[in-house]
Amino acid sequence: MAACMRFTRRVWKGFLDNKGHDTQCFPNLQLLSASPGVITASLKVEPYNLNRVGVLHGGLILSLTDTLGSLAVATKGQYMTGVSTDIGTSFCRPSGRAGDILHMKAELIGMGKSLAYTRAEFTNPDGLLLAHGYHTKYVGKSITHPSNVVFSEDGEVVLEGEDLDVD
């Protein structure tokens, strides 16, 4: 497994170990791939993910926009992924029922010394766009965190920092 994927899984494990929102809303989020600036994931829709009309709740999609944006920042070696300053999601069509698989891709569009910009897309297994979102994060305090790493351009190896495996 490439270093970028190992690192991003470690960051995700940190989210889950916190026992907060992510653990409650989508503990079954599966990270599929990670390369510098891009993360893909999937989620099996569970009954607790639905709204009162029986389709995936829009708030969950917005929350996934937030989490995936954070993980996109992590793919660039940022252990602490900052805090949200702006976020939004547009819904194109109903996003699934219990048992369906939601596919997600988030990209880091840009990152400076204080702000990071991400976008996310949500599709069904046929590739049909269900929703898309954007996320701006303040990373000014986290950009110098001691657990940050620097990856090779392809994300295969850690060039600076500690390369740890995820349990």
Side-chain angles (χ1 to χ4, degrees), residues 1-2 4-111 115-139 142 151 155 166-167:
M1 177 187 317
C4 183
M5 183 64 164
R6 282 192 305 274
F7 181 82
T8 305
R9 282 190 175 168
R10 182 165 56 114
V11 171
W12 174 238
K13 183 178 182 311
F15 285 21
L16 294 177
D17 289 349
N18 185 52
K19 304 280 189 230
H21 177 78
D22 297 298
T23 306
Q24 298 300 313
C25 292
F26 34 85
N28 57 342
L29 179 72
Q30 298 294 308
L31 303 186
L32 303 176
S33 68
S35 59
V38 180
I39 181 90
T40 63
S42 67
L43 178 78
K44 181 180 178 193
V45 178
E46 300 293 344
Y48 58 82
N49 298 136
L50 305 179
N51 63 21
R52 67 186 184 128
V53 296
V55 296
L56 189 64
H57 194 286
L60 186 77
I61 297 283
L62 180 63
S63 186
L64 285 164
T65 299
D66 185 333
T67 296
L68 291 169
S70 296
L71 293 173
V73 170
T75 67
K76 292 297 268 189
Q78 303 300 300
Y79 184 75
M80 298 304 287
T81 57
V83 296
S84 301
T85 63
D86 190 27
I87 191 167
T89 302
S90 295
F91 305 97
C92 304
R93 55 188 46 88
S95 298
R97 299 188 182 281
D100 290 351
I101 304 295
L102 180 66
H103 294 271
M104 299 157 272
K105 178 181 179 181
E107 297 180 74
L108 181 66
I109 304 307
M111 187 164 71
L115 294 176
Y117 304 91
T118 70
R119 70 175 167 218
E121 289 189 350
F122 302 87
T123 59
N124 68 12
D126 297 326
L128 188 62
L129 183 66
L130 305 172
H132 56 91
Y134 65 89
H135 190 199
T136 305
K137 298 196 62 115
Y138 174 70
V139 294
S142 58
F151 297 116
V166 173
D167 297 323

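Values below: every heavy atom of this structure, side chains too, minus hydrogens, waters and symmetry copies. Positions are given from 1 along the sequence.
What you find for Leu29 and Ala41 is that their closest heavy atoms are CD1-CB, 3.9 Å. Across Ser35 and Cys4, no two heavy atoms sit closer than the pair C-SG, 3.5 Å. Here the shortest heavy-atom pairing between Leu128 and Arg93 reads CD2-CD, 3.4 Å. Of all the heavy atoms in His21 and Ser63, the pair that sits closest is NE2-OG, 2.6 Å. Considering every non-hydrogen atom in both Ala72 and Ile39, the closest pair reads N-CG2, 4.0 Å.
Distance check: Asn49 CG to Arg97 CZ gives 14.0 Å after rounding to the nearest 0.5 Å.
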Practice problem: Please lay out, stage by stage, how Val73 and Thr118 fare under the test side-chain contact (heavy atoms from CB on, under 4.5 Å). | Solution: CA-CA 8 Å; Val73 170; Thr118 70; 4.2 Å; yes

Table please: side-chain donor-acceptor pairs of residues 130-137 below 3.5 Å, with sequence neighbours left out.
from	atom 1	to	atom 2	distance (Å)
His135	ND1	Asp66	O	3.4
His135	NE2	Ser84	OG	2.7
Lys137	NZ	Ser70	OG	2.6
Lys137	NZ	Thr81	O	3.4
Lys137	NZ	Gly82	O	3.4

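Residue Met111 places its CE atom among more than 12 non-hydrogen atoms of other residues, nucleotides or ligands, all under 6.0 Å distant.
With Arg6 contributing its side chain and Met1 its backbone, the two residues share a donor-acceptor pair below 3.5 Å. Although no hydrogens or angles enter the test, the distance criterion places a donor-acceptor pair under 3.5 Å between the side chain of Asn51 and the main chain of Gly54.
Between Leu71 and Val11 the shortest side-chain heavy-atom distance falls below 4.5 Å.
Among pairs with a residue in residues 24-70, none fulfils ring pair (Phe, Tyr, Trp, His ring centres under 6.0 Å), at least two apart in sequence or across chains.
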